[in-house]
Undergrad: 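What follows is a single structure, and I will ask about it in a moment.
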Amino acid sequence: MNVSPLRALLCSLLVLAVPGTLCGEKSMILLPDPKTKGPISLEETLASRRTHRAFQAKPLQLEDLAQVLWAAQGITGAGGRFRAAPSAGALYPLDVYAVVGEASIQGLDAGVYHYLPSRHGLERIATTDLRKETARASLGQMWMADAPVSLVLTAEYSRIEVKYGSMGRTYAVMEAGHAGQNIFLQAEALGLGAGIVGAFDDAGLARVLQLPSTHEPLLVMPVGHKR
Ligand SMILES: Cc1cc2nc3c(=O)[nH]c(=O)nc-3n(C[C@H](O)[C@H](O)[C@H](O)COP(=O)(O)O)c2cc1C
């Protein structure tokens, strides 16, 4: 008997009952399914989107984090090949990391998490609250540390350079812009706010977050309840 599909089904049922459940392989956290309907129109989110730099010390629901991650790089459509943001040649050079604070996301411990689009899950890569260190590496923009979570968009250029050569870097940067706007609009549609930070010490931030050496940070987006 092939146990993998059965285990996947059991994991899905478990995560529906208890969102944030650790399931499957080591440290893999399955996220609640994304929603494709919401109470606010796209036009309203466009009209009200702003860069937010002040956040309440109020935790987010795991569903909210899951939804924002899905908007950034989640799988859409049948077949699992395409994502919510476009990618040149569908090569997807971006990764998303979540820097989660202590008592900041209901059901999720502090740390740094890597979003896995194909599983709509999280893999924990660091186990402490690194929001202040992230803000310090972002040229001391300490307001960032008040947000319950900051999403970090990184690019692995080799994935896209294989087809587009030196243009691959430009395309990856453009793609981060698409994913960033998706994060902004999704946060707004959830009644939350997002900021955006491009001013940081690249090597310092990568070191703080213990990123793989090939994943280069492009944008940091704090997300939380607006203050
Ligand atoms: C690529 C990029 C990098 C940015 N970097 C920062 C930053 O490091 N710190 C900051 O406070 N705002 C940053 N911003 C936000 C801009 O200041 C903001 O988008 C601009 O003032 C327009 O305001 P709005 O986004 O509310 O419309 C950045 C925006 C972009 C697009």
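Side-chain atoms are counted along with the backbone in the values below, which use heavy atoms only and exclude waters and symmetry mates. Computed from a predicted structure; not experimentally measured. Indexing begins at 1, ligand by ligand and atom by atom, following the structure's order.
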Undergrad: Which atoms of ligand 1 sit under 4.0 Å from any heavy atom of Ala199?
TA: 8 (O)

Undergrad: Is the closest protein non-hydrogen atom to atom 4 (C) of ligand 1 under 4.0 Å?
TA: yes

Undergrad: Taking the six-membered ring for Trp, are Tyr97 and His114 parallel (under 30°), tilted (30 to 60°) or perpendicular (over 60°)?
TA: parallel

Undergrad: Is the closest N or O pair between Leu219 and ligand 1 shorter than 3.5 Å?
TA: no

Undergrad: Check whether any side-chain heavy atom of Leu151 lies under 4.5 Å from a side-chain heavy atom of Tyr115, and answer yes or no.
TA: no

Undergrad: Side chain or backbone, does Gly198 bring an N or O within less than 3.5 Å of an N or O on ligand 1?
TA: yes

Undergrad: Assess whether a salt bridge exists between Glu175 and Arg83, defined as any Lys/Arg side-chain N lying under 4.0 Å from an Asp/Glu carboxylate O.
TA: no

Undergrad: Could you name the option among Val197, Thr51, Ile196 that has the heavy atom nearest to atom 14 (N) of ligand 1?
TA: Ile196

Undergrad: Taking side chain as C-beta onward, heavy atoms only, is Tyr171 less than 4.5 Å from Tyr157?
TA: no

Undergrad: Determine whether Glu133 and Arg207 satisfy the following criterion, salt bridge (Lys or Arg N to Asp or Glu O under 4.0 Å), listing intermediate values before the conclusion.
TA: CA-CA 10 Å; Glu133 288 81 352; Arg207 196 169 44 247; over 6 Å; no

Undergrad: Identify which of Arg53, Met144, Arg50, Gln181 has a heavy atom lying nearest to atom 17 (O) of ligand 1.
TA: Arg53

Undergrad: Tell me which protein heavy atom sits closest to atom 9 (N) of ligand 1, plus the residue, atom name and distance to 0.1 Å.
TA: Gln141 OE1, 2.8 Å

Undergrad: Less than 4.0 Å between atom 20 (C) of ligand 1 and some protein heavy atom, yes or no?
TA: no

Undergrad: Test of understanding: given a 4.0 Å heavy-atom threshold, classify the contact between Trp143 and ligand 1 as side chain, backbone, both, or neither.
TA: side chain

Undergrad: Contact between Arg49 and ligand 1, counting heavy atoms under 4.0 Å?
TA: yes

Undergrad: Would the distance check show the side chain of Asp95 and the main-chain N or O of His215 forming a donor-acceptor pair, the cut-off being under 3.5 Å?
TA: no

Undergrad: Under 4.5 Å between side-chain heavy atoms, hopping through other hydrophobics if needed: is there a path connecting Ile183 to Leu209?
TA: no

